[in-house]
Amino acid sequence: MTGGAFQALVLVLLLVVVIVVVVVAAALLRRPRTPTPAPHAEADETRSALVRESEEAAAEARRVQEEEAAARSTAAAEADAERSRVVAQESERAAELMASVTQARAAFEEQMQARREELRAQRSDVERREHRLTEREERLDVELRTLNDQLGAVDRTKAELADRRTRLEEAEAERLAALERVAGLTTEQAKAELVAGVEHDAKRQAVLVAREIERKALREADERARNIVVGAIQRVASDQTSESVVSAVHLPGDEMKGRIIGREGRNIRAFEQVTGVNVMIDDTPESVLLSCFDPVRRETARLTLSELVKDGRIHPARIEEVHERSRSQIEALCLQAAEDAMAEVGITDLHPALVPILGTLRYRTSYGQNVLKHLVESAHIAGLMAGELGLDVAQCKRSAFLHDIGKALTHEVEGSHALVGADLARRYGENPDVVHAIEAHHNEVEVRTVEAVLTQAADAISGGRPGARRETLEAYVQRLEKLEQIAGVHEGVEKVFAMQAGREIRVMVAPEEIDDIAAQVLARDIAKQIEEDLTYPGQIKVVVVRESRATETAR
């Protein structure tokens with residue numbers, strides 16, 4: 001019960017007690033008093049004549065008065081008894097109410113005492129908190145004053161540092177000026193010499209590290225080189241389409257051949273003179289051949305002739321017009337091909353003059369292998385091997401990517417494509433290590449760097465992998481057929497599959513003829529016969545599969 005509810009209960013009890021006291025007092029005040037007998041007056045004017053009647057009347061009156069007195073005394077006694085009983089009841093009720101009030105007051109006093117104790121405790125807690133807050137405020141004031149002092153000291157220190165920085169800058173400028181006067185060099189020249197010295201030291205350190213890596217690679221050459229080369233071939237092997245030096249142009253009909261030749265051969269002579277290719281018109285239906293050793297000129301002539309055939313207007317002026325437009329189109333295609341190849345390899349800082357030269361390799365082939373695709377593939381292989389060996393991946397990829405760029409100019413400049421490409425790269429500011437890798441990838445110059453070694457390896461892998469070039473493809477197919485023949489002649493062999501470019505063959509044997517021990521012997525015999533009869537790079541894994549099957553039919 002809350003303090004407010006308890007106080008309301010006490011007030012209600014006190015009001016009830018007051019009402020009871022008022023009721024008792026009113027009852028006492030209404031008690032009937034003994035009536036005073038009025039004087040009996042005889043108004044009989046004939047008193048003297050009716051003496052007897054008056055005496056009787058007097059006696060009767062006295063009797064009546066006595067009866068009335070007796071009745072009044074009885075009623076008074078009863079009224080007194082009733083008043084005594086009522087007063088006793090009211091006294092008992094008042095006593096009970098007073099006891100209840102006393103108990104309620106005692107409970108109220110106890111609650112009020114507990115409340116006072118609680119308020120006293122709360123007051124003490126509040127006083128303690130106020131004391132702590134006062135102490136904290138005092139500490140904060142002290143810390144604030146200290147902080148203000150420190151801020152002032154920091155501001156002064158900042159001012160001193162700014163002044164000192166200004167003096168240091170002035171002193172540094174004076175020192176640099178004095179050094180320039182003493183050394184006879186400007187700051188930029190001194191920086192250039194310092195950078196050159198650091199670059200020289202870095203290159204020397206790189207050469208030392210490369211030589212150490214090379215010596216270590218030579219010690220671990222057998223196994224590690226095989227693993228690296230095989231892994232690179234597996235990850236970079238791509239489709240290859242053989243190309244030739246002759247392009248065929250399809251015609252809508254054989255009558256178009258006469259229009260290409262023109263009157264007295266005027267059109268064909270003009271076409272050959274403008275394009276620089278030979279037009280071969282034979283008995284092949286609806287087709288003419290364009291022959292030229294320059295693939296770019298041949299492709300330009302093919303586009304020119306295709307557009308002339310499509311348009312139908314063939315004469316010398318039209319040939320020159322269409323040829324000029326086709327040459328611009330081929331240049332754009334070459335530039336786009338070079339940019340795509342550079343993006344695939346991750347080279348972004350190639351000299352702008354080298355980009356169109358590189359793009360012409362899109363139409364150059366080597367033994368049926370596209371040269372530009374060969375460069376991209378070689379760059380990826382060199383990067384993979386450089387990553388395995390912990391070398392500069394970007395430098396090795398750049399060297400392999402540019403190693404055959406001289407093939408774009410071999411018909412214009414005398415010399416091998418390796419030396420021509422090296423001169424071209426040197427002319428446009430390529431790194432000396434890259435230039436050396438280009439000129440040494442066919443051993444025309446003695447190999448001096450590990451980048452050149454990796455370039456040679458990547459070139460050999462890309463050109464020598466199965467399916468890359470026509471001659472290698474034929475030898476590759478023959479080797480696969482020979483592998484299957486060697487394994488297929490043994491007893492118990494059902495099927496032979498050459499897998500993973502001939503590096504693994506799987507031999508399926510009949511389980512009822514070859515048991516587990518015989519399978520091991522068969523695998524050893526086949527491997528030994530392959531070693532004796534074939535010449536192959538790397539190693540060939542022989543897997544003999546003996547499969548048992550149990551078959552039943554549910555009916």
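Values below: every heavy atom of this structure, side chains too, minus hydrogens, waters and symmetry copies.
Side-chain contact between Arg302 and Arg298 is absent, with no heavy atoms from C-beta onward closer than 4.5 Å. The shortest side-chain heavy-atom distance between Asp423 and Val435 does not fall under the 4.5 Å cut-off. Counting heavy atoms from C-beta outward, Val509 and Glu494 have side chains that stay 4.5 Å or more apart. Counting only heavy atoms from C-beta outward, the side chains of Met385 and Ile461 approach each other to under 4.5 Å. Using a 4.5 Å heavy-atom cutoff, the side chains of Val545 and Val507 are not in contact.
Across Met508 and Phe497, no two heavy atoms sit closer than the pair CG-CE1, 3.8 Å. Closest of all the heavy-atom pairs between Ala341 and Val376 is CB-CG2, 3.7 Å. Annotation for Phe401 and Leu375: closest pair O-CD1, 3.3 Å, computed over non-hydrogen atoms. Of all non-hydrogen atoms in Ala437 and Thr455, the two that sit nearest each other are CB-OG1, 3.7 Å. Ile330 approaches Glu299 most closely through the heavy-atom pair CD1-CG, 3.4 Å. Across Ile319 and Ala270, no two heavy atoms sit closer than the pair CD1-CB, 4.3 Å.
Under the 3.5 Å distance criterion, with hydrogens and angles disregarded, no donor-acceptor pair is assigned to the side chains of His417 and His403.
Rounded to the nearest 0.5 Å, atoms CD1 (Ile405) and CG (Leu372) are 10.0 Å apart. Rounding to the nearest 0.5 Å places CD1 of Ile526 at 10.5 Å from CG of Leu483. Taking CD of Glu320 as the start and CD of Gln273 as the end, the distance is 8.5 Å to the nearest 0.5 Å. To the nearest 0.5 angstrom, Ile381 atom CD1 is 13.0 Å from Cys396 atom SG. The CD1 atom of Ile347 sits 7.5 Å away from the NZ atom of Lys397 when rounded to the nearest 0.5 Å. Separation of atoms OG1 (Thr300) and CD (Glu324) is listed at 10.5 Å; rounding is to 0.5 Å.
Although no hydrogens or angles enter the test, the distance criterion places no donor-acceptor pair under 3.5 Å between the side chain of His490 and the main chain of Val493. Remark: the backbone N or O of Ile261 is not paired with any side-chain donor or acceptor of Asn267 at under 3.5 angstrom. Remark: the backbone N or O of Leu534 is not paired with any side-chain donor or acceptor of Lys482 at under 3.5 angstrom. In this structure a side-chain-to-backbone donor-acceptor pair under 3.5 Å is missing from Gln395 to Glu451. In terms of modelled atom types and a separation under 3.5 Å, the side chain of Glu504 and the main chain of Val542 share no donor-acceptor contact. The closest donor-acceptor contact from the side chain of His442 to the backbone of Ile438 lies at 3.5 Å or more, if one exists at all. The main-chain N or O of Val345 is never found under 3.5 Å from a side-chain atom of His380 such that the two would form a donor-acceptor pair.
Glu307 has no carboxylate O lying under 4.0 Å from a charged side-chain N of Lys310, or vice versa, which leaves the two without a salt bridge. In this structure, Glu172 pairs ionically with Arg175, as a charged nitrogen and a carboxylate oxygen lie closer than 4.0 Å. A salt bridge links Asp163 with Arg167: the closest approach of a Lys/Arg side-chain nitrogen to an acidic carboxylate oxygen falls below 4.0 angstrom.
Residues passing the salt bridge (charged side-chain N to carboxylate O under 4.0 Å, His left out) test with Asp392, sequence neighbours excluded: none.
Every pair passing side chain to side chain donor-acceptor pair (under 3.5 Å) that includes a residue from residues 510-528 is listed here, sequence neighbours excluded: Asp516-Arg546. For residues 345-355, the pairs satisfying side chain to side chain donor-acceptor pair (under 3.5 Å) are Asp349-Arg398, with sequence neighbours left out.
At most 12 non-hydrogen atoms from other residues, nucleotides or ligands lie less than 6.0 angstrom from CZ of Arg164.
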